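See below for the structure under consideration.
Quick note: residue numbers are just sequence positions, from 1. Note that the structure is a prediction, hence the values are computed from the model and not measured.
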Amino acid sequence: MVLSNVPPIEPRAMANIPSVPYFESKLRLCKGFLQQYEQELYLLETKLKSGELEQRIYDDCTAAIVRDIDHIMEQIRTLTRMEKHSAAA
């Protein structure tokens with residue numbers, strides 16, 4: 001059912017209006033990913049120490065995880081700046 005007296009909301013207009021729940025949601029997701037990566041690093045280290053994993057594979061896996069962690073940390077910094085800018089406006 002379309003209401004004729006209500007104009008449609010343009011997606012472009014809404015994209016520039018972040019809400020607090022958006023920031024909180026994104027930050028929660030990012031922090032959850034960081035926790036999962038920390039668990040994965042611990043598991044990899046445990047497997048390396050027990051001999052279940054070769055050093056080369058461990059190095060490759062940890063390098064990939066560290067790159068992902070760096071990317072997520074940059075996202076957190078960006079979200080924090082956006083949130084502060086949004087709150088100041």
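- Judged as a side chain to side chain contact (heavy atoms under 4.5 Å, CB included), and not counting sequence neighbours, the contacts of T46 are Y42.
- Between Q75 and H71, the closest side-chain pair of non-hydrogen atoms falls below 4.5 Å.
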All N/O donor-acceptor pairs, side-chain side in residues 52-65, below 3.5 Å, sequence neighbours left out:
residue: E52; atom: OE2; partner: S50; partner atom: OG; Å: 3.1
residue: Q55; atom: NE2; partner: D59; partner atom: OD1; Å: 2.8
residue: T62; atom: OG1; partner: Y58; partner atom: O; Å: 2.9
residue: T62; atom: OG1; partner: D59; partner atom: O; Å: 3.1

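- The two atoms that bring Y37 and I72 nearest to each other are CE1-CD1, 3.5 Å, heavy atoms only.
- Sorted by first and then second residue, the pairs that involve residues 66-79 and meet salt bridge (Lys or Arg N to Asp or Glu O under 4.0 Å), not counting sequence neighbours, are E74-R77, E74-R81.
- With sequence neighbours left out, the side chain to side chain contact (heavy atoms under 4.5 Å, CB included) criterion links L43 to E40, K47.
- The distance from atom OG1 of T80 to atom CZ of F23, rounded to the nearest 0.5 Å, is 9.0 Å.
- By the side chain to side chain contact (heavy atoms under 4.5 Å, CB included) test, R28 is found to be paired with S25, residues two or more places apart in sequence or in another chain being considered.
- L27 and M73 fall within a single hydrophobic cluster, where Ile, Leu, Val, Met, Phe, Trp and Tyr side chains are chained together by heavy-atom contacts under 4.5 Å.
- With values rounded to the nearest 0.5 angstrom, I69 atom CD1 is found 5.0 Å from E38 atom CD.
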